[in-house]
Amino acid sequence: MATKRIVVLISGSGSNLQALIDATASGRIDGRIVAVISNRPGVLGLERAQKAGIRAELLDHKAFDSREAFDSALQALIDSHEPDLVVLAGFMRILTTEFVSHYLGRMFNIHPSLLPRYKGLNTHQRALEAGDTEHGCTVHFVTPELDGGPLVVQAVVPVATDDDASRLQQRVHECEHRIYPLAVEWFCADRLQLLQEGVTLDGALLPPTGYRLDA
Ligand code: GRF
C-alpha cells in the first residue's frame, strides 16, 4: 500500500489543517500532504503549510468571472498534484457538480454540526436556539448536495445549559481536530470506501450517522 497523496483546501485559519499536519508528521496517518491550496490570500492556513514545509498555493476566486471557471482552474491545480484524497478544511466555497463528481469517493468535508441537522452556516447558534442537548461535528464524503454527502464519523458534544455560541463552537472545534485525522487515517489505510449503498469501514456498512464518537 503506497503512502497516499493528500491535497488540502482551505479559506482561513486552518486549525483542522494543522491537526492533519501533526497526524501525518507523527506517522499516525500513512499519507503526505503534497499541497495546501487557499482561495483567499494572506490566511493563517497558508503560513501553517509553509512552516511545515508543505507547498502552499493561492488560487484567488476573485480573479475568475464565473464559478465554473474557478472550479475548472482549481481542478487542474489539484490534479497537477495527483492526489489520492482531497480534504476540504474550512474551504468556504460552493462547488460545481462537475467538480464534485470528479472527486467522488475521494473528497472529504468537515462540518460543525451533527449532520443532517444544520447544514449551512451558524450551526452553533441554531443548535442553541433549538434547545438541543447534543451538538457536534461530522466528516462526510462530498457529493453535489451541499453538506449532504454520506457520513463517515461524528463526534457528539453535550450542550451545557449556560452555553453560548462561542463556547460551544470552541468545544466542537476541538472535536473536529480529533475526527478529521481519524477519517483521513482510515482512508489512507484503505479501510474506508464510498459505495452505492453507503460508507464502509473495514468492509462493514456504517450506520447513516457514520461512526459515532460520544463525548
Ligand atoms: C470548521 O469549523 C469547519 O467545520 C468548517 O470551517 C471551520 C474551519 O476551521 N467547515 P479551521 O480553518 O480548520 O480552523
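As the structure lists them, so they are numbered: ligands from 1, and atoms in each ligand from 1.
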Parallel, tilted or perpendicular: rings of F108 and F187 (30°, 60°): perpendicular
R117 side, atom CZ; D147 side, atom CG - distance, nearest 0.5 Å: 15.0 Å
P158 and T133, any side-chain heavy atoms less than 4.5 Å apart: no
Pair H124 + H135: ring centers closer than 6.0 Å: yes
Sub-4.0 Å heavy-atom environment of ligand 1, residues by chain: S13, G14, S15, N16, G90, I110, H111, P112, H173, E176
Candidate list I33, I54, V184, T3, test side chain to side chain contact (heavy atoms under 4.5 Å, CB included), partner T24, passing option: I33
Residue pair D22 / Q18, side-chain donor-acceptor N/O under 3.5 Å: yes
